[in-house]
Amino acid sequence: MCGIVGYIGPKKVVPVIIEGLRKLEYRGYDSAGIAVVTPEGKLEIRRASGKLRNLEEVIRKHPIDGTYGIGHTRWATHGRPTEENAHPHRDCSGQIVVVHNGIIENYLELKEQLQAEGHRFVTETDTEVVAHLAEKFSKGGVPLEEAVRLTLKELRGIYSLVFLSANDAHKIVAARLGPPSVIGIGEGEYFVASDIPALLEHTREIFFLADGDIAVLTKEGVRVMDHDGRTVARPTQHVNWDPIMAEKGGYKHFMQKEIFEQPRAVRDTLLGRISQDTGKIFLGDMLISEEQFRDFDHVRIVACGTSWHAGLAGKFMIERLARIPVEVDYGSEFRYRDPILDARTLTVCISQSGETADTLAAQREAKSKGSPTLAICNVMGSMITREAAGTILTHAGPEIGVASTKAFTAQLTALLLLAIRLGEVRGKLSDASAKTLLQEFTRIPHKIELVLQADATGFYETLARQFFRFTDFLYLGRGIHYPIALEGALKLKEISYIHAEGYPAGEMKHGPNALIDENLPVVVLATRDESDPDSMTRYEKSVSNIKEVKARDGIVIAVVTANDRLAREAADHLIELPPAPELLAPLLEIIPLQLLAYHIAVRLGCDVDQPRNLAKSVTVE
């Protein structure tokens, strides 16, 4: 959610921090600020409400300079999105500042206590109490890291915090409990940030702080200690992401670029994990044994948002190929219903960032009940991967657009790999069937490229021109295609602010039919796999749904397999896809739904990459 960048080193600090914050704009924010210690040892702060350009204008009018400092983009939780409430926040003396991502749950009682001790508060935020606590504990020349350590003992909640003190020069102190905090190790320079893209211009050597860690950054290096002051080791890892991947690369928006990166994301997630000759899957990085995979009698999938939709599709994949029952839960609901779990339940946690607060809480709930957890994640070294017994790392690369696209297709890829692996070890999927499926799997990236080619012809832009004025959409799908209908509806509502709903096509007669008239576009997923009798039955029933909508004057956009005849005769608009097996079709179906949502949002003039009220990484409940 909030973006944080800190730097200490030989470079001018302001450009480093501002550029780092720009790389984190995708997280969503409503104000920004920076604090720098000047060469003379004076602490200077600049803040502004609104976008980063407003802060840059403030700095242009009132320049600051230095070689270490911290910056922040704020996503408001406590207090209005004003300049006064923007971070960094300072203590009474103006010598200590702090930036914060998270929530301090006991800030009101702390504020009352500090006010009684004579501290003066000037903002509506929960973060300001942290600065005053640091001031309280730094009396008498106490080092900043010790004051921070004592401050943390007073806090309840979750936080990624970064501190500066003009009284303890050339030092930055960072602390984590919940939201991510990543340390970058450069050549004679050191960084702290809330996400990797802020660091890629400068270094690929990073490590994530663990919960309870306190990091002290100086010109000499980085030292990490726990809440009791004991030094702990956090080995660095090399990030393979190319900084250019985090730039738009000629595309109008990050979301558009990321839609077109999906063939590569699927290829890279498959790379090194399949054998077309034998039909075998190699997942690697697993503390879960083959015997455990064989003995599991239940699978639970926990996720949020788009990742939850991937999990729903994964349910169909795993149940069909491995013949094991699967339940899919929202991470935000999972732990509050006291789920029934044991060592023979595999809990799969899906998160693009690996830091989603609700999914992480669900993972810990599962572990506390003895269930091994497996992570599907795009960021190695993130909290969910560190706490899992195994990880299937998706290789989507950095995803900047708030509305997830390539991470979703990479998650579907990872889930199908898991389903095939479970089917193999449980003896439910023959070698011949696995080989056939994997051969088709390797053709999917090229087929996605074929689907994307239609965008260059202006097909989706033309379609968007016809539909951008409608205020409601309905998306229908059956079986594994129902989660794709849900995801298509989510993409439209996220970035265009048009109300959209995904629904199981078979449930139309149980209520939604009442909505249909000439003002309701209905998107129907009606692809077919002619080698699969169940798929053909589903297809025929989906065509019946199209006819029901048309009989009530509804407008139908049908997503179909090439050379379709039945849907073509009934639908108003047709989107044709290359043929694919039933379990692989979702990887193709989602592409036109993403493109339709994107072009409608662009036509409406919406901020496609940073939709209102949304953040990329939701690190608080």
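A distance-only check finds a donor-acceptor pair linking the side chain of Thr269 to the backbone of His395 [under 3.5 Å]. Side chain of Thr561 to backbone of Arg528: a donor-acceptor contact under 3.5 angstrom is found.
The environment of Arg53 atom CZ is sparse: at most 12 non-hydrogen atoms of other residues, nucleotides or ligands sit within 6.0 angstrom. The 12-atom threshold is not exceeded at CZ of Arg469, counting heavy atoms of other residues, nucleotides or ligands nearer than 6.0 Å.
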Taking it one step at a time, do Leu583 and Asp529 satisfy side chain to side chain contact (heavy atoms under 4.5 Å, CB included)?
CA-CA 9 Å; Leu583 294 182; Asp529 176 1; over 6 Å; no
Run the side chain to side chain contact (heavy atoms under 4.5 Å, CB included) test on Lys435 and Leu438 for me, step by step, so that the C-alpha distance in whole Å, both residues' side-chain angles and the decisive distance to 0.1 Å come before the verdict.
CA-CA 5 Å; Lys435 286 173 65 175; Leu438 288 178; 5.9 Å; no
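Screening His309, Glu258, Glu494, Glu399 for a side-chain hydrogen bond (donor to acceptor under 3.5 Å, both in side chains) with Ser404, the sole residue that qualifies is Glu399. Of the listed residues (Leu417, Ile274, Thr436), just one forms a side-chain contact (heavy atoms from CB on, under 4.5 Å) with Phe441, and that residue is Leu417.
Trp308 and Tyr330 have parallel rings, their planes meeting at less than 30° on a 0 to 90° scale where 60° marks the start of perpendicular. Between Phe470 and Phe473, the ring planes lie perpendicular to each other; the angle is over 60°, past the 30° to 60° tilted range.
Here Arg443 pairs with Glu440 under the side-chain hydrogen bond (donor to acceptor under 3.5 Å, both in side chains) rule; sequence neighbours left out.
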Without placing hydrogens or testing angles, list every side-chain donor-acceptor pair under 3.5 Å for residues 510-518, not counting sequence neighbours.
from: Asp517; atom 1: OD1; to: Asn519; atom 2: N; distance (Å): 2.8

With a 3.5 Å cut-off and sequence neighbours excluded, list the donor-acceptor pairs that the side chains of residues 565-577 form with protein atoms.
from: Arg568; atom 1: NE; to: Asp564; atom 2: O; distance (Å): 3.1
from: Arg568; atom 1: NH2; to: Glu576; atom 2: OE2; distance (Å): 2.7
from: Asp572; atom 1: OD1; to: Lys550; atom 2: NZ; distance (Å): 2.9
from: Asp572; atom 1: OD2; to: Lys550; atom 2: NZ; distance (Å): 2.9
from: Asp572; atom 1: OD2; to: Val556; atom 2: N; distance (Å): 2.8
from: Glu576; atom 1: OE2; to: Asn563; atom 2: N; distance (Å): 3.2

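The pair Asp268-Lys406 does not meet the salt-bridge criterion, since no charged nitrogen lies less than 4.0 angstrom from a carboxylate oxygen.
The CZ atom of Phe459 sits 9.0 Å away from the CG atom of Leu596 when rounded to the nearest 0.5 Å.
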